[in-house]
Enquirer: 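One structure is given below, represented as structure tokens, and several questions about it will come after.
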Protein chains: 2
Amino acid sequence: MTHTMNEVAKLAKVSSATVSRVLSKSPYISAKTVERVMAAVEKLSYRRNVHARRLAIGKSDLFGLVISEITNPFFSEIIRGFQAAAWDRGFDVLLLNTEYDEKRTEAVVQKLIENSVRGVAIVTSSLEDSVIATLTDKNIGVVTFNPVPVDRLVSTVTIDYKRGLTQAIEHVASLGHRRAAVIAGPQTNRTASIIKQALVEGLRQRGLDPDPVTHSDYHVDAGATAVQAILSAKDAPTVIFCGSDLIAMGAILALEEAGMNVPSDVSIVGIDDIPFSFLIRPALTTIRVPREELGKISFAALDKLLKLKRQRGAEYVVETELVIRKSAAQERKFALRQKAPRPAR
Amino acid sequence: MTHTMNEVAKLAKVSSATVSRVLSKSPYISAKTVERVMAAVEKLSYRRNVHARRLAIGKSDLFGLVISEITNPFFSEIIRGFQAAAWDRGFDVLLLNTEYDEKRTEAVVQKLIENSVRGVAIVTSSLEDSVIATLTDKNIGVVTFNPVPVDRLVSTVTIDYKRGLTQAIEHVASLGHRRAAVIAGPQTNRTASIIKQALVEGLRQRGLDPDPVTHSDYHVDAGATAVQAILSAKDAPTVIFCGSDLIAMGAILALEEAGMNVPSDVSIVGIDDIPFSFLIRPALTTIRVPREELGKISFAALDKLLKLKRQRGAEYVVETELVIRKSAAQERKFALRQKAPRPAR
DNA sequence: CTGAAAGCGCTTACAG
DNA sequence: CTGAAAGCGCTTACAG
């Protein structure tokens, strides 16, 4: 049924050490031996026992990917990119989610160590920076989206929101908007506050001092609640920048319910371009974050980090980009000319 | 840094065998010994080496979850339910996706075996039934959504679409629809053809013989293409049942682009109630598949299967349910009363 | 280029 | 209730 290396060795008339060497593609093995061993391997459909192997060499063929919640559509394409890249190089992915739960987060770090992952990409800021050292001490490479200093075994991937934001601000300004507001992500979230800062700064420079600047969870209903507060102000804004597409969706829904017309009364700008965001009506203008690419780059960064152990990590930057979706009316006209369905993503 | 069981044993002044027994909660250990050992474990922050453990006992603390594609929103809540349930019982999840690629699918099965998962839930029909035996031969429990006979180590989870479909058919019939059409999922997909059959049968029984009955991939653009063919017929249907929400979305988009009004010209019914489907405008009526529950049940089924090894598996059935979303017009009225008017378009 | 042997860190009959 | 020892299936200096 399940064969061992010894059985292969016997069949090939060599020692198990030789079989091991052949399978690990060590040099200095005669072509003849390789051939005999591989024939035996083939014949028995032999596969090495990974547990024994991991025990012997002290590491696994696993890479960790830590996210906060699997149901957040923001992550799915990152996972896909990371997994595909890992797969290409023959590695498996241990997917761990913190669910924003502290206890669970601790356990996640333990799992990573226990499973002797070679490296881990941390795609959530719900993991404290302090765990990075815990991991690198165990010789585990780390790639994080948090803005920490690069170090031995630590690289960072940064999403440059500025470019997309600047494009977006320029766009709304050129449309004549004069009063802007901001609904940023959660106050405690680092990425959220980076985006917020960039937004506020950018708007000010363009003479669009945003008011108010509020916060919201990354959930649709929170976005809805947040927008209601904004509407009650006397000098209501004509454009609202939202910290994520989910917040933007909530805002759109709440505006609809309040009898406002989007975008003619109030324009909404989101961030992320999450899957299916193109289906939202009224059309959602948003800033695209290239997620599959983020996943791929994260793995590539880890791979490089582990290959060049002597050096320290690097900083990778991924750019964002404004996506202008047509208003319903424009779209209808557009569609008539195109008479073609839109792509899935 | 990383301690071994021997070090713990030394500190507790017992043998490593005893430490092992304490950690495995074997009975027949004196309370005193347990205390001493646990104190030593605590002091050293000791954790067992999982690789050594897996090698020694021949199995892992992993369960496999096989899906077809991570970016399909249909799966994310299943993953979540499964992972949460596994986590509760102290197990980890190895998430594997076939990406509909044959080679990759083979590799997935290998991975499951190599990692000595205790059980696996197969939530995709892109895995042949024949692999089930391959897995059970290795003593790996299998839960599948495919309609195979239950067996030793094999349980099935079935989604009962009939209930939701019957409700949906009754609903559209009561609204006065007389001409129905069907855009089923891919012809080669087993689930798709089960749904198709149930639909066609149910419609006929209600005197709504569907015409045409076509097929489409589970993608938005495919749905759009499919609906165009239907529209070109002379006796165009007034209601179209779609094999998934994604297909339904594509249909809605294509109808919009063709200048049709949904639902006053044509009604659309989807299946799944995927995340954020409530955001679609015009509102999408759909049949809800309780996905997180599916994930939880799948794990529970595996857990039970492995506990009662002597017996054979069981068949679990999960019911679906019609979700009626308000049409734009209805919504308008509804909203007016609520002092929150504003239809989507 | 290849083999004998020690070692990776656990678990578990066996014996007491 | 507890320990000595064999065994799980690999890898890798060491020696040749």
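Order of the sequence lines fixes the chain letters, A, B, ..., with proteins taken first and strands second; residue numbering starts at 1 for each chain.
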Enquirer: Whole-Å distance between D:dC1 C1' and B:Arg36 CZ?
Expert: 12 Å

Enquirer: Test side-chain contact (heavy atoms from CB on, under 4.5 Å) on A:Ile113 and A:Val109; report intermediate values, then the result.
Expert: CA-CA 6 Å; A:Ile113 296 171; A:Val109 178; 4.2 Å; yes

Enquirer: Out of D:dC10, C:dC8, C:dC10, which has the shortest distance to the side chain of A:Asn49?
Expert: D:dC10

Enquirer: Run through B:Arg54, B:Arg53, B:Arg48, B:Arg118 and flag the one making a salt bridge (Lys or Arg N to Asp or Glu O under 4.0 Å) with B:Asp61.
Expert: B:Arg54

Enquirer: Could you please name the option among D:dC10, D:dT11, C:dT11 that lies closest to any side-chain atom of A:Thr4?
Expert: D:dC10

Enquirer: Between B:Ser116 and A:His51, is there a side-chain donor-acceptor contact under 3.5 Å, judged purely by atom types and distance?
Expert: yes

Enquirer: Contact class for A:Arg54 (heavy atom, under 4.0 Å): base, sugar-phosphate, or nothing?
Expert: nothing

Enquirer: From NE2 of A:His51 over to P of D:dT11, roughly how many Å is that when rounded to an integer?
Expert: 14 Å

Enquirer: Starting from P on C:dC10, measure out to NZ on B:Lys59 and report it in whole angstrom.
Expert: 19 Å

Enquirer: Given C:dT11, C:dG9, C:dA13, identify the nucleotide with an atom nearest to the side chain of B:Ser24.
Expert: C:dT11

Enquirer: Does A:Lys111 make a cation-pi contact with B:Trp87, if we ask for NZ or CZ under 6.0 Å from the ring centre and within 45° of the axis?
Expert: yes

Enquirer: Classify the ring geometry between A:Phe82 and A:Phe63 as parallel (under 30°), tilted (30 to 60°) or perpendicular (over 60°).
Expert: perpendicular

Enquirer: Need one value for A:Ile29: base, sugar-phosphate or nothing, where a base atom within 4.0 Å counts as base even if backbone is also close, heavy atoms only.
Expert: sugar-phosphate

Enquirer: Expressed as a whole number of angstroms, how long is the span from A:Asp61:CG to D:dC10:C1'?
Expert: 13 Å

Enquirer: So what does B:Ser20 touch, heavy atoms closer than 4.0 Å: a base, only the sugar-phosphate, or nothing?
Expert: base

Enquirer: Identify whether the distance between the nearest side-chain nitrogen and carboxylate oxygen of B:Glu99 and B:Arg104 falls below 4.0 Å.
Expert: no

Enquirer: Could you identify the nucleotide paired to D:dT2, looking across every strand shown and requiring Watson-Crick or G-U wobble geometry with both distances under 3.5 Å?
Expert: C:dA15

Enquirer: So which one's nearest nucleotide on DNA chain C is more toward 5', A:Ala52 or B:Arg48?
Expert: A:Ala52

Enquirer: Starting at CG of B:Leu23 and ending at P of C:dT12, how long is that distance when rounded to a whole Å?
Expert: 13 Å

Enquirer: Please determine, for the side chain of B:Val14, which listed nucleotide (D:dG3, D:dA13, C:dC1) has the closest atom?
Expert: D:dG3

Enquirer: Please report the distance, rounded to the nearest Å, between CE in A:Met5 and C1' in C:dA4.
Expert: 16 Å

Enquirer: Nearest whole angstrom, please: distance from the P of C:dT12 to the OH of B:Tyr28.
Expert: 15 Å

Enquirer: Regarding A:Leu55, tell me which of base, sugar-phosphate or nothing describes its non-hydrogen contacts under 4.0 Å with the strands shown.
Expert: base

Enquirer: Nearest of C:dG7, C:dT12, C:dT2 to any side-chain atom of A:Ala56?
Expert: C:dG7

Enquirer: Whole-Å distance between C:dG7 P and B:Asn6 CG?
Expert: 13 Å

Enquirer: Indicate whether OP1 or OP2 belonging to C:dC10 is found under 4.0 Å from a side-chain N or O atom of B:Tyr46.
Expert: yes

Enquirer: Base, sugar-phosphate alone, or nothing: which one does B:Val50 contact when heavy atoms must sit under 4.0 Å apart?
Expert: nothing

Enquirer: Looking at B:Leu294 and B:Ile159, what are the two nearest heavy atoms and their distance?
Expert: CD1-CD1, 3.7 Å

Enquirer: Taking atom C1' in both D:dG16 and D:dT12, compute the distance separating them and give it to the nearest angstrom.
Expert: 16 Å

Enquirer: Ignoring the backbone of B:Ser30, work out which of C:dC1, D:dG9, D:dT2 is nearest its side chain.
Expert: D:dT2

Enquirer: Determine: side-chain N/O of B:Thr33 to OP1/OP2 of D:dT2, distance under 4.0 Å, yes or no.
Expert: yes

Enquirer: Does C:dG3 have OP1 or OP2 under 4.0 Å away from a side-chain N or O of A:Thr18?
Expert: yes

Enquirer: Can you tell me if A:Ser16 touches the phosphate of C:dG3, counting only side-chain N or O atoms and a distance under 4.0 Å to OP1 or OP2?
Expert: no

Enquirer: By nearest atom, which of the nucleotides D:dC10, D:dT2, C:dT12 is closest to the B:Ala17 side chain?
Expert: C:dT12

Enquirer: Respond yes when some side-chain nitrogen or oxygen of A:Arg53 is under 4.0 Å from OP1 or OP2 of D:dT11, and no when none is.
Expert: yes

